[in-house]
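Note that ligands are numbered from 1 as they come in the structure, with each ligand's atoms numbered from 1 the same way. Only this structure's heavy atoms are used, side chains among them; waters, hydrogens and symmetry mates stay out. Worth saying up front: this structure is predicted, and the values here are computed from it rather than measured.
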Amino acid sequence: MKKVLVLMGGTSEEREVSLKSGQAVVKALQEKGYQVESLDLNPGVLGDIEKIKPDVVFIALHGRNGEDGTVQGYLDLLGIPYTGSGVAASAIGMDKILTKKILCYEGLPTAEFEVIRKRDFNRDSFSENSLIARFGLPIVVKPPTQGSSVGTTIVRDKNDLIAAIEKALVFGDEVLLERFIAGTELTVAIIGNDEPVVLPVIEITAENEYYDYESKYTPGMSSHIIPARIADDSRELIEGLAKKAYQALKCRGFSRIDFILDQNGKPYILENNTIPGMTATSLIPDAARAAGINFPELLEKIIEMAEEK
Ligand SMILES: Nc1ncnc2c1ncn2[C@@H]1O[C@H](COP(=O)(O)OP(=O)(O)O)[C@@H](O)[C@H]1O
Ligand SMILES: [Mg+2]
């Protein structure tokens, strides 16, 4: 029987979410008859990965030191196959600014944006007016390498802009400012290596003003609507864009790409999640279920793709 090592937890801001993903993955793989071991990843247990000698590692980590290419690089050095994208795609996926730059090069639509570097930012000389003249209000302010909406603010009042930028800069050296796109939130799961398959488009509705941390992880605070309530031509457009973005961003195995479809039917790509949430009620498993693939079967496919890479 194949031995799968599930890596979970870790040290990022998304640790708690990752523990839930990891536990769900362990349970489903045991049901499928795999020999499963798991590790809560921290520097002290790195040596154990080699000792366990897994046939494949299932990476159920989100965020820094897990989703960002670091663990992927370590496993490459050890020569152990792992689920999902490789080093470069993981690192790019973790950085919303790099992702958007590649999307722009490929002619794929993403909200207009600007980047502010910490070393160039001075709250006393900062001019809110030029940004507002360009983007209008609200403006979305994000730390580019966080997930789960951590550190993100939707700024509706000019006087809140500086505080939002400073809040985002706590997480790193850059802040991403984006034009706010009003419309329908969609997310698209894709699975595959060279011939990726797009799963049914999911529409997300949130109880809060946007899909923030609380909406994402509190039962009842958001809902997944499958199939999304959008026109057929929009659906085809979005499926095509998702597949192109998946390939342009060099994803392998699986990923989930977030979109907003504006009121005129124009889609915008927000970001690429190379290790999206993996509990039985997360978005990707819901999309798979709508395509007739249950959660353990989805995990099995992801493992098969890891071995074929
Ligand atoms: N440009 C935007 N316009 C409108 N809403 C946005 C925009 N960017 C982000 N959001 C909202 O913030 C949420 C989180 O943003 P996202 O870029 O997906 O980052 P993450 O999910 O990694 O925190 C989105 O699901 C959406 O609700
Ligand atoms: Mg997102």
The answer for which part of S148 has a heavy atom under 4.0 Å from ligand 1 is backbone
OD2 (D258) to the Mg ion (ligand 2) to OE2 (E271), nearest 10°, is 80°
Atom 21 (O) of ligand 1: of K96, E178, K216, R179, the nearest heavy atom sits on K216
Using ring centroids (six-membered ring only for Trp), state whether F180 and F135 fall under 6.0 Å. no
I260 heavy atoms within 4.0 Å reach ligand 1 at atoms 3 (N), 4 (C), 5 (N), 6 (C)
Contact region, I204 to ligand 1, non-hydrogen atoms below 4.0 Å, reads neither
Evaluate R64 against E13 for salt bridge (charged side-chain N to carboxylate O under 4.0 Å, His left out), listing each step before the verdict.
CA-CA 8 Å; R64 189 168 32 81; E13 283 71 16; 3.3 Å; yes
Examine ligand 1 and decide if any of its atoms is less than 4.0 Å from a heavy atom belonging to V140.
yes
With nothing but distance in play, are any N or O atoms of E271 less than 3.5 Å from an N or O of ligand 1? yes
Please lay out, stage by stage, how I97 and E174 fare under the test side-chain contact (heavy atoms from CB on, under 4.5 Å). CA-CA 9 Å; I97 297 171; E174 291 177 324; 3.5 Å; yes
If you scan protein heavy atoms around atom 10 (N) of ligand 1, the nearest is L270 CD1, 4.2 Å
Of E185, K142, R256, the residue with the heavy atom nearest atom 8 (N) of ligand 1 is K142
among protein heavy atoms, the one nearest atom 3 (N) of ligand 1 is I181 N, 2.8 Å
